[in-house]
Amino acid sequence: MNRFMGRMRPLQKHRLPGVVSPLRSALAEATISTPLRDVTFHWSIVWLGYLLTWGVIPHILLRNKPPVSTLAWIWAVILFPYVGPLFYFFFGTERIERKKLRARREMSAAGASRERRISAFTRALFEELPEGERAAVELLSNINELAVSSVESTRLLVGGAQFFAALRQRIEEAREHVHVQFFIWRNDARGREMRDALVAAAKRGVEVRVLIDQVGSFGLRKSFFDPLCEAGGKFAWFRTAHPLRNRWTFHLRNHRKLQIIDGRIAFIGGMNMAREYAGEDPGIGPWQDIQIELVGGAAKRLQMTFADDWFFATEEKLLEKHYYPQPTDPQRFLVQSMPDGPDSPDDPIQMSLVYMLNSARHRVWLTAGYFVPKEPLLTALELAAARGVDVRLLVSEKSDHPLLINVGRSYYEELLRFGVKIFEYEHGINHAKVVLIDEKWLMVGSANFDIRSMRLNFELNTLVRDPERAAELEAVLFQDFENDSRAIVLEEFIQRPWTQRWKESVLRPLAPLL
């Protein structure tokens, strides 16, 4: 056998050179060139990613973001090709261009883009103001691109139980239309109860429209409102991400809470449609929130805001005059509407707050569920306290977004040094968004004092001149300060553990995304 194998080896070596040599050459070539081709391919992908990255940078620069934000996004797309640009287009676009419906423009005889005309009732109230307040009202009207309006009555609704009962009563009394807008609507006992009230209204011939933010109410199925649609009502999602309509902004939210009955009664504030807002969720506990009811001409202006949002969601125009009735009874209180959102380039709610802090004489008490201020608001708070104004800030110690509590605390030390009094609400969750200015003015709405509310969300606040409601709000806030909260003392706060400081510092740069 060995002799036989020995004879075969020369035969293989000499008789198959034409076959073996090419195979060996091909294998050798493949062994060398395949890794080279792989490396070349991989580097091509990397360079393509960087080319795409450099194409994004001019877009970032042209957005005129704050310098820190601009630099952060540029570094993100340079260091992380593909991923960085993708995140930028999903989360970095803070403005949205939407085809606006301005019912006030299309209905006015002059066709003006801004409604400056005011009723005789409102004019009389305006002329009775002291000179300084008249100037303030005019400036706020310019900031918010809406003239001041007025109402015949107001009602402060503290707590979800009061609000749900008042809203249901108004829905049951509605004759023509009910327009309802919330950020959150849950399929729980409260949500089903209010849906059924709307169904009953639709069955008796009332026009019913419900507009809900799709992200805020994530988990709620559209079929939940099938009984309403079958009864003749209408339902729509507010979606800023809608590829079929060329919308690609995934992180913008419609945070407004607005309910309008017959174009004459409006509710506005911070409450959503869920049982926790009535303090009925044992997993969350007590819940403090505030809504205000306005009866009168100001509801017309708020109806225009709903009409804009409804058109954005459905492309249905609400232009008929019966949606915007003129007040016939005497109006007693001035109201300034403050719609804000990523389609408003000037951040009107923040500008209004800064102006009110700068012009307050004696007192500014504020409460918000989340406190992550932008620099102008932070500076205005500090300057107001430094000149002797009683500036008090109430922030909830417990939150449905607990990370934001740590972010807010990172600002405490600076504010306390300027004399701002800070209180953390301990009796459950305080979700109210209100401001009390001196003795006669109060603001109620949906906007928190955070970056998301002031820049990314669609929000809606109202400023009301009503000494009686201001005194009522003062009593509510005084109770919160004295009995349901703990005061933050500078000397104690600066001794907090280093682990707490670390959490605050790490989370603070992420505040816009939280």
Side-chain angles (χ1 to χ4, degrees), residues 101 103 160 163-240 242 245 253-278 291 293 299 302-320 322-323 339 341 446 457-460:
L101 168 72
F163 166 61
F164 294 143
L167 178 59
R168 178 162 185 171
Q169 179 183 352
R170 293 299 192 181
I171 291 173
E172 292 172 348
E173 296 170 350
R175 296 180 178 180
E176 295 186 5
H177 63 267
V178 175
H179 293 158
V180 173
Q181 180 174 4
F182 284 106
F183 179 62
I184 296 172
W185 192 309
R186 299 201 195 284
N187 184 1
D188 59 20
R190 287 290 180 177
R192 291 188 293 271
E193 179 185 26
M194 200 61 65
R195 178 202 59 187
D196 294 343
L198 293 170
V199 170
K203 286 182 177 179
R204 66 175 188 269
V206 175
E207 290 183 44
V208 178
R209 292 177 176 85
V210 176
L211 181 61
I212 307 295
D213 186 86
Q214 190 173 31
V215 177
S217 297
F218 181 79
L220 182 72
R221 294 181 179 275
K222 187 178 180 180
S223 59
F224 175 81
F225 289 102
D226 283 350
L228 175 63
C229 297
E230 292 167 2
K234 296 181 179 181
F235 166 77
W237 295 115
F238 190 97
R239 294 185 284 183
T240 54
H242 197 319
R245 294 185 182 178
R253 313 278 182 265
N254 194 319
H255 195 242
R256 294 168 179 165
K257 294 93 174 176
L258 173 63
Q259 303 83 43
I260 302 171
I261 290 83
D262 292 338
R264 179 176 169 273
I265 301 166
F267 296 87
I268 184 172
M271 296 198 202
N272 287 297
M273 188 53 60
R275 63 174 184 160
E276 64 259 35
Y277 288 81
Q291 205 92 349
E293 181 192 62
L302 296 169
Q303 184 86 287
M304 295 172 185
T305 300
F306 178 87
D308 283 346
D309 290 346
W310 183 257
F311 179 71
F312 178 81
T314 67
E315 298 189 353
E316 178 189 8
K317 295 184 177 182
L318 305 180
L319 299 178
E320 289 77 9
H322 73 274
Y323 294 125
S446 65
N457 287 345
F458 293 92
E459 302 283 3
L460 179 61

Check [X] against [Y] and note the closest heavy-atom contact, atom names and distance.
{"X": "R192", "Y": "N187", "answer": "NH1-OD1, 3.0 Å"}
{"X": "A202", "Y": "G233", "answer": "CB-N, 4.0 Å"}
{"X": "I171", "Y": "A197", "answer": "CG2-O, 3.8 Å"}
{"X": "V215", "Y": "R253", "answer": "CG1-NE, 3.2 Å"}
{"X": "T305", "Y": "R256", "answer": "CG2-NH1, 3.5 Å"}

Mind checking what makes side-chain hydrogen bond (donor to acceptor under 3.5 Å, both in side chains) contact with R190, not counting sequence neighbours? E280

What pairs with S217 under side-chain hydrogen bond (donor to acceptor under 3.5 Å, both in side chains), at least two apart in sequence or on another chain?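 Not a single residue meets the side-chain hydrogen bond (donor to acceptor under 3.5 Å, both in side chains) criterion with S217.
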
Residues forming a side-chain contact (heavy atoms from CB on, under 4.5 Å) with D196, sequence neighbours excluded: none

I'd like to check the side-chain contact (heavy atoms from CB on, under 4.5 Å) partners of Q169; sequence neighbours left out, ordered by chain and number. E173

Mind listing the side-chain donor-acceptor pairs of residues 258-274 below 3.5 Å, one per line with the distance, residues two or more places apart or on another chain?
residue: Q259; atom: OE1; partner: Q291; partner atom: NE2; Å: 3.4
residue: Q259; atom: NE2; partner: Q181; partner atom: O; Å: 3.3
residue: D262; atom: OD1; partner: R175; partner atom: N; Å: 3.4
residue: D262; atom: OD1; partner: E176; partner atom: N; Å: 2.8
residue: D262; atom: OD1; partner: H177; partner atom: N; Å: 3.1
residue: D262; atom: OD2; partner: R175; partner atom: N; Å: 3.1
residue: R264; atom: NH2; partner: E152; partner atom: OE2; Å: 3.4
residue: N272; atom: OD1; partner: F183; partner atom: N; Å: 3.2
residue: N272; atom: OD1; partner: I184; partner atom: N; Å: 2.9
residue: N272; atom: ND2; partner: Y277; partner atom: OH; Å: 2.7

Within this structure, what is the [atom1]-[atom2] distance for the pair [X] and [Y], rounded to the nearest 0.5 Å?
{"X": "L319", "Y": "F311", "atom1": "CG", "atom2": "CZ", "answer": "9.0 Å"}
{"X": "D226", "Y": "F224", "atom1": "CG", "atom2": "CZ", "answer": "10.5 Å"}
{"X": "F182", "Y": "N254", "atom1": "CZ", "atom2": "CG", "answer": "12.5 Å"}

Check whether K257 reaches the backbone of H255 with its side chain - one donor and one acceptor, N or O, closer than 3.5 Å.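 Looks like yes, one N/O pair under 3.5 Å.
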
Does S446 use its side chain to pair, donor to acceptor, with the backbone of L460 at less than 3.5 Å? yes

Residues in ring pair (Phe, Tyr, Trp, His ring centres under 6.0 Å) contact with F225, at least two apart in sequence or another chain: W185, F235

The salt bridge (Lys or Arg N to Asp or Glu O under 4.0 Å) partners of E276 (sequence neighbours excluded) come to R186

Any residue meeting salt bridge (Lys or Arg N to Asp or Glu O under 4.0 Å) with R168, in chain and number order, not counting sequence neighbours: E172, E193

side-chain hydrogen bond (donor to acceptor under 3.5 Å, both in side chains) contacts in which one or both residues fall within residues 198-212, not counting sequence neighbours: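 Counting only pairs at least two positions apart or across chains, the side-chain hydrogen bond (donor to acceptor under 3.5 Å, both in side chains) contacts touching residues 198-212 are H179-R209, E207-R209, E207-Y323, R209-E316, R209-Y323.
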
